[in-house]
Number of protein chains: 2
Amino acid sequence: MMADIGAHGGGRRVKNGHETLAASPGTTLAESLRQKLEEAIAAGHLEPGSRLDEQEIAQRFGVSRTPVREAFRLMAANNLVELRGRQGATVRSIKAQALIEMFQVMAELEGLCARLAARRVSQAWGAEIGKIHQRLVAAGETGDIDVFYDINQEFHEAIYEASRNTFLADQTRKLRNQVAAYRRRVTRMPNRIADTVREHEAIMQAILAHDPERAHSTMRDHVNLLGDNLLDFLAAFE
Amino acid sequence: MMADIGAHGGGRRVKNGHETLAASPGTTLAESLRQKLEEAIAAGHLEPGSRLDEQEIAQRFGVSRTPVREAFRLMAANNLVELRGRQGATVRSIKAQALIEMFQVMAELEGLCARLAARRVSQAWGAEIGKIHQRLVAAGETGDIDVFYDINQEFHEAIYEASRNTFLADQTRKLRNQVAAYRRRVTRMPNRIADTVREHEAIMQAILAHDPERAHSTMRDHVNLLGDNLLDFLAAFE
DNA sequence: ATGCCAATATAGGTATACATATCGACCCTC
DNA sequence: GAGGGTCGATATGTATACCTATATTGGCAT
């Protein structure tokens, strides 16, 4: 079922109770749609495997089919939807095997981020990541899963940036985005929060100690563990 | 300038001396266009930075603007063209800094391919890669640069496959494709052919010896060296 | 002469109309 | 009664017409 994707955001409101869509000049409808839909997928409002009906979405946002189609093409290239010619678009459903493969790559890329970060970080960055980590710990104690998830994301994002390799950061972000729909579920697993905090500490120490190899391996292990947890989680369902 | 992109390929020929376009059923015009254009870019027929005019291309292939636009969107997501809203599409021009970053990632990904390959390859694969390598050596001696380039590609492709991680293989292929337009030029550099042969031998030995770490490092070095050469080459021009 | 503003042209963005392939339902046959 | 084939509905793929934003060029003012 398609929940109320994009119910916030303040653009023009179109006539018949349609969803709103940012209409900032310089931006295009297709791009706005892509953002909205990707958010909806990442947030789990659009189930993997569910069909994306061009007309329905066009009506929902009060636009024609053309920008909707273009948004689909954009997302297809991000591996977020599958386009099977003449058979419509579906939210990409990732099989366990594919997830294993993706985590293997992601572990390597995030590991590279950490390695580069270890070589390049400044003192100021150390203070910043420290603050993020403190907030993560706090959220862990509160038990607010959604907040924890977001701060966790911030932590990794900070390391992407610290790698000072924008291409690498982009690639890693994209990949992270692809598995986001699945990843979110894992946060709710028994020891995941405590483990995450501990693993983040190890990563942080390695980076701040300017130890590239240790930064690499701790980060890689962290991502792989998450992947393992995710697979356990999926296995429990099917 | 736009050379004779897609002058070969045997689909229906459209009325007014247009380019041909494969019309295999089950495939879409947008997809066919994407392939043609990506080939043209990789082959260097479309210079980085050159403008892609929707109407011109539509006319050239005898289709409407719609599939052309969709092909652009598809390619944009592959990072092969840049779409600046309302300002048309251009073949992506990669700056030296970006190339450095991309090679850093590519080295890691190809390294991972090699590492996995070392763990997984069979005896049969060893024979096959050996044959490819022999052909590479032969082409090197002949001095046929284009053939050498293609066989070189085959060698790497064989390792992608051997990693048995289709996602990784896809990612690596895509990345390779993105720098293809630049990469081709490097093959013509003084010692590149001899170096390539030597480096490939080291990689091959490591993989066949089932030594993951050595496979990783030799491959990583190989890619990094190529990147360095490419940067030298570019530096000589600007 | 140079710089800024405005008007116009061009081309990308969007909407809609049309063609065609796929899927499902219903009927006929075995 | 079951299975297959055909016909029709629906949605995707494509074409085209229209709208609007951006760029360019020319004129005017400083």
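Protein chains get the first letters and strands the later ones, always in sequence-line order, with residue 1 at the start of each. Only a predicted model underlies this, so the values are computations on that prediction, with no experimental measurement involved. Scope of the values below: all heavy atoms of this structure, side chains included, with no hydrogens, waters or symmetry mates.
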Does atom CZ of R164(A) have more than 12 heavy-atom neighbours, drawn from other residues, nucleotides or ligands, at distances under 6.0 Å? no
Separation between CG (N78(A)) and NZ (K174(A)), nearest 0.5 Å, reads 5.0 Å
Is a donor on one side and an acceptor on the other found under 3.5 Å between the side chain of T172(A) and the backbone of L168(A)? yes
Under 4.0 angstrom between T28(B) side-chain N/O and dT14(D) OP1 or OP2: yes
So CG of L33(A) and CZ of R60(A): to nearest 0.5 Å the spacing works out to 11.5 Å
Show your working on side-chain contact (heavy atoms from CB on, under 4.5 Å) between L136(B) and F155(B) and close with a plain yes or no. CA-CA 9 Å; L136(B) 188 75; F155(B) 181 88; 5.5 Å; no
Axis-to-axis angle across the helix from dA1(C)-dT30(D) to dC30(C)-dG1(D), five pairs an end, to 10 degrees? 10°
Whole angstrom value for the distance that separates P of dA11(D) from CZ of R84(A): 16 Å
Between atom CD of E110(A) and atom NE2 of H156(A), what is the distance when rounded to the nearest 0.5 Å? 5.5 Å
Which of residues 65-76 of chain A sit near DNA chain C, with a heavy atom under 4.0 Å from it? R65(A), T66(A), P67(A)
Q97(B) and E101(B) side chains, donor-acceptor separation under 3.5 Å: yes
To the side chain of Q87(B), which of dT12(D), dT16(D), dT22(D) is closest? dT22(D)
Which distance, rounded to the nearest 0.5 Å, do you find between the CG of N224(B) and the CD1 of I100(B)? 11.0 Å
Would E31(B) and R34(B) pass as an ion pair if we require N to O under 4.0 Å? yes
Is there any protein nitrogen or oxygen under 3.5 Å from a nitrogen or oxygen in nucleotides 6-8 of chain D, and what are the pairs?
none

So which one's nearest nucleotide on DNA chain D is more toward 5', R86(A) or S64(B)? R86(A)
